[in-house]
Amino acid sequence: MDILRTIPCFSPDLTFDCGQAFRWTRSEDGTWTAPVSGAIRKVRQVDENRFVFPGCSDEDFQKFWVPYLNLQLDYPSICESLCNDPTLCKAVRKYYGIRVLTQPFWETLATFIISSNNNIPRIRGIVDRLCQTLGEPLAEGLFSFPSPERLAGCSAEDLVPLRAGYRVGYLLDAAEKVASGKVSGKRCKELPLQEAEAELRSIRGVGKKVAQCVLLYSCGHMNAFPVDTWVTKVMAEHYPNGLPECAKGVEGIAQQYLFHWIRMIT
């Protein structure tokens, strides 16, 4: 079954290729595909605001796509508010279709550990090898993301084929802490931002930037604000005294627009 939905402020091309997710691929007909939460997900843009979701029921759309794309948020109003600032308005107008995703907690944590001091093609390669090695086979030659319990049962030697370098130790520590409940996605969603960040940073190798990415891209903390070299650059050039008032409470959404905008114009 295919369903058609109207969604404002959404471009799969921008959303899935702006550095917040690493398993989406685009086919020649414009369909984006990824294995997420143990199932194959697909979406194709039909026109400006209409999208086809192949193989998706109404129930699945509500259970998966609404939270995944943050459709419960009034993105048009958020974008209108951000446009009260001239620089943010340039970024929003240029890359209007970027949406911050709410991805599965463990997958987001593991992939952003892998992303540390890494480039996107290499991140994708490591993630693909991890899933092919330890994940469960799905349709279309794809694999699920391995559970923390599966990874926690591995040794560093078992993960040599991933070619992840020093990040292997961090992945194993994260898997053990999540599998044992020492770090909990549910808690990280419910705790205030600083307390949730502290819980994530109890994992070896997880610093402020990775923790903030997980809190923004998985835990629904739209006020999280990951800072990398690109965000440092845009803040120094345009916001030396911090983001404007119009970004309060949605700093993470503002960050995503600014991050992509500064990368594209530099």
Side-chain angles (χ1 to χ4, degrees), residues 15 18-23 34-38 41 63-73 75 78 98-118 123 126-127 130-131 134-135 144-153 164 167-228 231 243 247-256 259:
T15 298
C18 68
Q20 61 175 321
F22 304 103
R23 301 197 71 196
V36 187
S37 299
R41 315 291 179 173
K63 289 177 66 175
F64 175 77
W65 285 105
V66 168
Y68 189 77
L69 295 177
N70 280 307
L71 299 182
Q72 75 280 5
L73 298 180
Y75 246 81
I78 291 170
I98 292 177
R99 275 182 172 264
V100 169
L101 302 172
T102 296
Q103 303 174 72
F105 174 75
W106 162 242
E107 178 174 341
T108 309
L109 172 59
T111 54
F112 275 95
I113 288 173
I114 290 168
S115 79
S116 181
N117 297 312
N118 222 339
I123 296 164
I126 295 171
V127 171
L130 172 64
C131 296
L134 298 174
S144 67
F145 199 87
S147 69
E149 292 79 11
R150 178 77 173 92
L151 203 58
R167 301 170 191 85
V168 162
Y170 301 162
L171 282 172
L172 291 174
D173 189 60
E176 186 280 322
K177 285 187 167 70
V178 173
S180 68
K182 293 175 185 175
V183 171
S184 161
K186 183 175 185 295
R187 275 199 307 274
C188 287
K189 290 178 182 180
E190 295 171 351
L191 286 171
L193 183 67
Q194 289 186 336
E195 293 177 37
E197 180 188 318
E199 178 159 331
L200 288 168
R201 293 183 70 173
S202 69
I203 298 167
R204 190 159 64 92
V206 172
K208 187 176 185 65
K209 186 246 181 176
V210 169
Q212 291 281 312
C213 284
V214 176
L215 294 172
L216 176 60
Y217 302 132
S218 174
C219 298
H221 288 280
M222 294 301 160
N223 58 335
F225 193 72
V227 176
D228 69 346
V231 176
L243 288 175
K248 188 173 179 59
V250 289
E251 290 89 345
I253 294 175
Q255 176 268 354
Q256 196 64 36
F259 166 77

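Side chains included, hydrogens not; waters and symmetry mates left out as well; all remaining heavy atoms used.
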H221 side chain vs C188 backbone, donor-acceptor pair below 3.5 Å: yes

Flag if over 12 foreign heavy atoms under 6.0 Å of CD, Q72: yes

Keeping the roles fixed (side chain from S218, backbone from Q103), state whether a donor-acceptor pair exists under 3.5 Å. yes

Would you say E176's side chain and L171's backbone share a donor-acceptor pair under 3.5 angstrom? no

Using the benzene-type ring in the case of Trp, are the ring centres of F112 and F22 under 6.0 Å apart? yes

Going by heavy atoms in the side chains, are Y75 and V100 under 4.5 Å from each other? yes

Hey, does the side chain of T15 reach the backbone of R99 with a donor-acceptor pair shorter than 3.5 angstrom? yes

With distance as the sole test, does N118 use its side chain to make a donor-acceptor pair with the main-chain N or O of I114 at under 3.5 Å? yes

Looking at CG of L109 and CD1 of I113, how far apart are the two atoms once the value is rounded to the nearest 0.5 Å? 4.0 Å

CG of L193 to SG of C219, rounded to nearest 0.5 Å, is 10.0 Å

Taking the side chain from R187 and the backbone from G181, do they hold a donor-acceptor pair closer than 3.5 Å? yes

Say whether Q212 and E197, considering side chains only, have a donor N or O and an acceptor N or O under 3.5 Å apart. yes

On the ring face of F145, is R23 found with NZ or CZ under 6.0 Å from the centre and within 45° of the axis? no

Has the side chain of D228 got a donor or acceptor atom that lies under 3.5 Å from a matching backbone atom of V231? yes

Under the criterion side chain to side chain contact (heavy atoms under 4.5 Å, CB included), which of I78, I98, L216 is the partner of I253? I78

Mark yes or no for whether Q256, through its side chain, and A254, through its backbone, hold a donor-acceptor pair below 3.5 Å. no

Whether the side chain of R167 engages the backbone of A164 through a donor-acceptor N/O pair (distance < 3.5 Å, no angle test) should be reported. yes

Ring-face cation contact, Y68 with R41, 6.0 Å cut, 45° max: no

Main-chain N/O of V250 paired with N223 side-chain donor or acceptor, under 3.5 Å: no

